[in-house]
Peer 1: 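Attaching a single structure in structure tokens format; questions to follow.
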Amino acid sequence: MSFLQFNNVEYSYVGGDDELIQALKSVSFSIERGEFVALVGCNGSGKSTLARLCNGLLTPDSGEVLVDGKSTKEKSALFDIRKKIGVVFQNPDNQMVTTIVEDDVAFGPENLGLPPEQIRERVDWALRSVGMSEHATSGPFRLSGGQKQRVAIAGVLAIKPELMILDEATGMLDPNGRREVLDVVKKLNRDEGMAVIMITHFMEEAAAADRIIVLNNGSVVADGGKELFSTPEVFEAAGLDLPLYVRLARRLNDGGIGVGCPLTADEFAAAVAAISAKGGKK
């Protein structure tokens with residue numbers, strides 16, 4: 001059984017003038033343990049609603065969300081579900097609850113009722129995992145945006161979830177901050193085997209995932225691996241730009257210089273170097 005399952009999930013909310021707006025329409029997909037999935041879509045596509053349905057912050061109007069076989073509709077299962085799924089939101093300041101970094105990271109384990117020595121171990125491990133050990137006794141509000149978000153990730157890590165969801169967690173950061181957070185997330189997925197759903201509109205971040213789910217107007221319109229970037233119409237129809245290096249590669253390919261579909265700067269440079277070594281056009 002998949003760790004996370006959405007089975008024909010629908011959800012609506014009341015908008016302005018009491019208008020009923022359908023945020024998700026018959027959404028079905030599953031996430032396995034250890035997967036790194038990017039969930040992409042333009043504003044209003046239903047991404048954040050989906051994130052809140054994953055751990056029972058919202059309940060489907062119809063259909064079912066299952067976490068490790070347990071339905072989010074079962075109130076008795078919610079405590080266990082929320083231990084298994086941690087969510088990091090866009091604004092790290094909204095997730096800070098104390099005035100000392102290590103106390104903030106300890107907040108989750110303390111609420112799980114863990115013994116002090118185990119809390120200490122988890123806090124140290126979580127801060128070490130995100131590269132923030134040296135800031136353990138700092139005030140979180142003195143940190144940079146990228147550092148704050150790494151502390152927020154550490155706070156989620158400390159509860160040792162099996163799945164971490166980042167809901168536009170880099171949306172308020174500069175490029176360096178986004179890179180810091182993405183590096184941490186890739187490391188956790190690779191070294192700790194933690195499943196990740198990265199909800200983003202930055203397509204360069206999506207390119208780092210092993211699988212991409214595309215949402216458009218509340219529906220899943222594509223679900224696949226990196227090969228999806230070879231079909232740009234999928235993203236364009238959803239109002240999304242392609243990653244920078246995919247766009248550059250398309251221009252070269254259209255001009256007769258076949259570089260394939262590189263997704264990163266390193267891949268693009270290697271492809272161009274290989275073509276140059278062969279004397280130009282391929």
Side-chain angles (χ1 to χ4, degrees), residues 4 29-32 34-43 45-48 50-51 87-88 90 130 145-146 149-150 153 163-216 219-255 257-275:
L4 173 67
F29 66 89
S30 61
I31 304 291
E32 306 299 330
E35 273 199 290
F36 184 178
V37 179
L39 179 68
V40 299
C42 62
N43 289 339
S45 61
K47 304 189 302 298
S48 291
L50 189 150
V87 184
V88 181
Q90 185 178 63
V130 301
Q149 198 60 289
R150 282 193 277 163
I153 291 172
L163 168 65
M164 178 180 290
I165 300 172
L166 295 103
D167 184 11
E168 300 280 10
T170 63
M172 298 180 67
L173 305 181
D174 61 24
N176 286 334
R178 291 202 299 272
R179 196 175 305 112
E180 286 178 3
V181 171
L182 183 59
D183 286 345
V184 167
V185 170
K186 289 192 292 186
K187 178 178 181 292
L188 292 169
N189 175 253
R190 181 184 66 246
D191 297 345
E192 303 293 338
M194 185 174 295
V196 174
I197 299 178
M198 174 165 272
I199 298 173
T200 183
H201 62 271
F202 294 113
M203 299 305 289
E204 284 73 21
E205 293 180 348
D210 300 317
R211 176 179 162 206
I212 302 98
I213 297 175
V214 184
L215 272 182
N216 190 21
S219 298
V220 173
V221 296
D223 183 350
K226 295 178 188 290
E227 71 277 359
L228 279 182
F229 290 112
S230 299
T231 54
E233 59 273 10
V234 168
F235 299 98
E236 291 166 353
L240 297 166
D241 291 327
L242 290 169
L244 171 62
Y245 295 102
V246 175
R247 299 199 304 272
L248 292 174
R250 285 184 72 193
R251 292 194 175 189
L252 291 177
N253 291 330
D254 290 345
I257 304 174
V259 295
C261 186
L263 301 179
T264 67
D266 289 343
E267 290 177 7
F268 183 80
V272 171
I275 296 299

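Everything numeric in this text was worked out from a predicted model, so none of it was measured.
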Peer 1: So which atom in Cys42 and which in Gly239 form the shortest heavy-atom distance, rounded to 0.1 Å?
Peer 2: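 So the minimum-distance heavy-atom pair works out to CB-O, 4.3 Å.
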Peer 1: I'd like to know if Lys47 pairs up with Asp167 as an ion pair, taking the criterion as any Lys NZ or Arg NE/NH1/NH2 lying under 4.0 Å from an Asp or Glu carboxylate oxygen.
Peer 2: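 Between Asp167 and Lys47 there is no salt bridge, as every charged N stays at least 4.0 Å from the carboxylate O atoms.
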Peer 1: Could you measure the distance from the CG atom of Leu215 to the CG atom of Leu50? Nearest 0.5 Å is fine.
Peer 2: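 Answer for the CG-CG pair, Leu215 versus Leu50, is 6.0 Å.
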Peer 1: Heavy atoms, side chains only, cut-off 4.5 Å: are Leu39 and Ile165 in contact?
Peer 2: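 A side-chain contact is absent here, since even the closest heavy-atom pair is not under 4.5 Å.
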Peer 1: Could you check if a side-chain atom of Ile213 sits within less than 4.5 angstrom of a side-chain atom of Val220, using non-hydrogen atoms only?
Peer 2: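 Yes, side chains in contact.
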Peer 1: Are Asp210 and Glu35 close enough that some pair of their side-chain heavy atoms sits under 4.5 Å apart?
Peer 2: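 A side-chain contact under 4.5 Å is absent here.
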Peer 1: Work out which heavy atom in Ala206 is nearest to a heavy atom in Ala38; give both atom names and the distance.
Peer 2: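 The pair with the smallest heavy-atom distance is CA-CB, 3.7 Å.
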Peer 1: Do Arg211 side-chain atoms and Val37 backbone N/O form a donor-acceptor pair below 3.5 Å?
Peer 2: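 Not a single qualifying donor-acceptor pair exists.
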Peer 1: Which atoms form the tightest heavy-atom contact between Arg178 and Leu173, and what is the distance?
Peer 2: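 So the two residues come closest at NH1-O, 3.1 Å.
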Peer 1: Going from CD on Gln90 to OG1 on Thr200, what distance comes out if it is rounded to the nearest 0.5 angstrom?
Peer 2: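 It comes to 10.0 Å.
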Peer 1: Name all residues meeting the ring-ring contact (aromatic ring centres under 6.0 Å, His included) criterion together with Phe36; count only those two or more places apart in sequence or in a different chain, and write none if there are none.
Peer 2: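 Scan of Phe36 (ring-ring contact (aromatic ring centres under 6.0 Å, His included), adjacent residues dropped) gives none.
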Peer 1: Looking at Gln149 and Thr170, would you say the former's side chain and the latter's main chain have a donor-acceptor pair under 3.5 Å?
Peer 2: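 Here the side-chain-to-backbone pair does not exist.
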Peer 1: For Ile212, is there any backbone N or O sitting under 3.5 Å from a side-chain donor or acceptor partner on Lys226?
Peer 2: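 Not at all, since once roles are kept as given, no pair shorter than 3.5 Å links the two residues.
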Peer 1: Which distance, rounded to the nearest 0.5 Å, do you find between the NZ of Lys187 and the CD of Glu192?
Peer 2: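 Going from NZ on Lys187 over to CD on Glu192, the span is 6.5 Å.
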Peer 1: Around Asp191, counting heavy atoms of other residues, nucleotides and ligands shown, do more than 12 lie under 6.0 Å from its CG?
Peer 2: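 Atom CG in Asp191 is packed in, count exceeds 12.
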Peer 1: Can you give me the closest heavy-atom contact between Val214 and Ala238, atom names plus distance?
Peer 2: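 Taking Val214 first and Ala238 second, the nearest heavy atoms are CG1-CB, 3.8 Å.
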Peer 1: Taking all heavy atoms of Val234 and all of Ala222, pick out the closest pair and write down the distance.
Peer 2: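 Reported closest heavy-atom pair: CG1-CB, 3.4 Å.
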Peer 1: To the nearest 0.5 angstrom, please state how far the CG atom of Leu228 sits from the CD atom of Glu233.
Peer 2: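 Going from CG on Leu228 over to CD on Glu233, the span is 10.0 Å.
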Peer 1: Compute whether any side-chain donor of one residue and acceptor of the other, for Asn176 and Arg179, lie under 3.5 angstrom apart.
Peer 2: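 A donor-acceptor contact under 3.5 Å links the two side chains.
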Peer 1: Keeping Asn189 on the side-chain end and Ala195 on the backbone end, is there a donor-acceptor pair under 3.5 Å?
Peer 2: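 No, the answer is negative, given that no donor and acceptor are paired below the 3.5 Å cut-off.
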Peer 1: Would the distance check show the side chain of Glu204 and the main-chain N or O of Leu244 forming a donor-acceptor pair, the cut-off being under 3.5 Å?
Peer 2: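 Judged by distance alone, yes, a pair lies under 3.5 Å.
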Peer 1: Give, for atom CD of Glu205 and atom CE of Met203, the distance between the pair rounded to the nearest 0.5 Å.
Peer 2: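 Interatomic distance, Glu205 CD to Met203 CE, rounded to 0.5 Å: 10.5 Å.
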Peer 1: Within the structure provided, determine whether Leu166 and Val181 are in side-chain contact (heavy-atom separation under 4.5 Å).
Peer 2: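 Answer yes - side chains close enough.
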